[in-house]
Q: 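One structure, pasted below without further comment.
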Amino acid sequence: AMGLTDVTRSVSAAELIKRPEVSYPSLRALGLGQRDLDDDAAQQVETELKYHGYIERQLAEVDRVRKLENRSIPPNLDYSVVANLSREGREKLVRFAPATLGQASRLAGVTPADVSMLLFHIERRRTSADAIATFP
């Protein structure tokens with residue numbers, strides 16, 4: 001009667017409200033949710049539940065960027081030996097010589113893939129250096 005798609009399995013109200021066609025008022029009409037919740041709070045609950053997955057992904061991305069922000073790039077790094085950098089990314093990195101991956105990620109022309117390849121190269125180089133240092 002409310003125009004909602006059929007529910008084919010047992011779901012919680014939180015799962016149900018994630019559907020685009022379901023709102024907090026429609027949950028109330030179905031006898032779900034808290035009746036004494038004011039409209040602003042109900043809107044906040046609906047928004048948080050509907051966008052929870054997106055928010056979690058964004059927070060993870062922010063955390064990833066924060067970790068890259070202070071990750072040093074060796075000052076003597078030869079960008080010509082870093083595999084799979086785009087031509088433009090390589091040119092920008094050589095020209096501006098960023099000190100950190102965060103700085104590199106903000107350069108116009110340096111793609112997220114370039115930053116990933118740079119991180120991979122730095123990590124591989126560090127791991128190789130550690131292995132050599134521990135060799136008896």
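Everything quoted here is computed from the prediction, not taken from an experiment.
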Q: Can you tell me how far apart CG (Leu85) and NE2 (His121) are? Round to the nearest 0.5 Å.
A: 9.0 Å
Q: Would the distance check show the side chain of Glu123 and the main-chain N or O of Phe120 forming a donor-acceptor pair, the cut-off being under 3.5 Å?
A: no
Q: Measure the spacing between CD1 of Ile55 and NZ of Lys50 and express it to the nearest 0.5 Å.
A: 13.0 Å
Q: Please check this pair: side chain of Tyr24 against backbone of Ala41, looking for a donor-acceptor N/O pair closer than 3.5 Å.
A: no
Q: Is the backbone of Ile122 close enough, under 3.5 Å, to the side chain of Arg71 for a donor and an acceptor to pair up by distance?
A: no
Q: For Val110 versus Lys92, what's the shortest heavy-atom pair and its separation?
A: CG2-CB, 3.9 Å
Q: Look up atom CZ in Arg87 and atom CD in Glu91, then write down how far apart they are to the nearest 0.5 Å.
A: 7.0 Å
Q: Between CZ of Arg125 and CG of Asp78, what distance do you get to the nearest 0.5 Å?
A: 9.0 Å
Q: Indicate yes or no: does Arg64 engage Glu61 in a salt bridge with an N to O separation below 4.0 Å.
A: yes
Q: Between the side chains of Glu69 and Arg106, is the shortest nitrogen-to-carboxylate-oxygen separation below 4.0 Å, so that they form an ion pair?
A: yes
Q: Are Ile17 and Ser23 packed together at the side-chain level, in the sense that at least one heavy-atom pair is separated by less than 4.5 angstrom?
A: no
Q: Backbone N or O of Ala99 within a donor-acceptor pair of the Gln103 side chain at under 3.5 Å?
A: yes
Q: Could you state whether Leu49 and Tyr54 fall into the same hydrophobic cluster, counting links through intermediate Ile, Leu, Val, Met, Phe, Trp or Tyr residues with side-chain heavy atoms under 4.5 angstrom apart?
A: no
Q: Of all the heavy-atom pairs spanning Leu27 and Ala13, show the shortest one and how long it is.
A: CD1-O, 4.0 Å
Q: Answer yes or no: is there a side-chain heavy-atom contact under 4.5 Å between Arg19 and Leu16?
A: yes
Q: Output the distance between atom NE2 (His52) and atom OG1 (Thr47), rounded to the nearest 0.5 Å.
A: 14.0 Å
Q: How far does CG of Asp63 sit from CD of Gln58, to the nearest 0.5 angstrom?
A: 12.5 Å
Q: Using a 3.5 Å cut-off and no angle test, enumerate the donor-acceptor pairs between side-chain atoms of residues 111-119 and protein atoms at least two apart in sequence or in another chain.
A:
residue	atom	partner	partner atom	Å
Thr111	OG1	Ala113	N	3.4
Thr111	OG1	Asp114	N	3.0
Thr111	OG1	Asp114	OD2	3.2
Asp114	OD1	Ser86	N	2.8
Asp114	OD1	Ser86	OG	3.4
Asp114	OD2	Ser86	OG	2.8
Asp114	OD2	Thr111	N	3.0
Ser116	OG	Pro112	O	3.2

Q: Are the charged groups of Arg28 and Asp39 less than 4.0 angstrom apart, N to O?
A: yes
Q: Looking at every heavy atom in both Val22 and Glu46, which two are closest together, and how far apart are they?
A: O-OE2, 3.9 Å
Q: Do Thr100 and Ile73 have side chains that approach each other closer than 4.5 Å (heavy atoms only, starting at C-beta)?
A: no
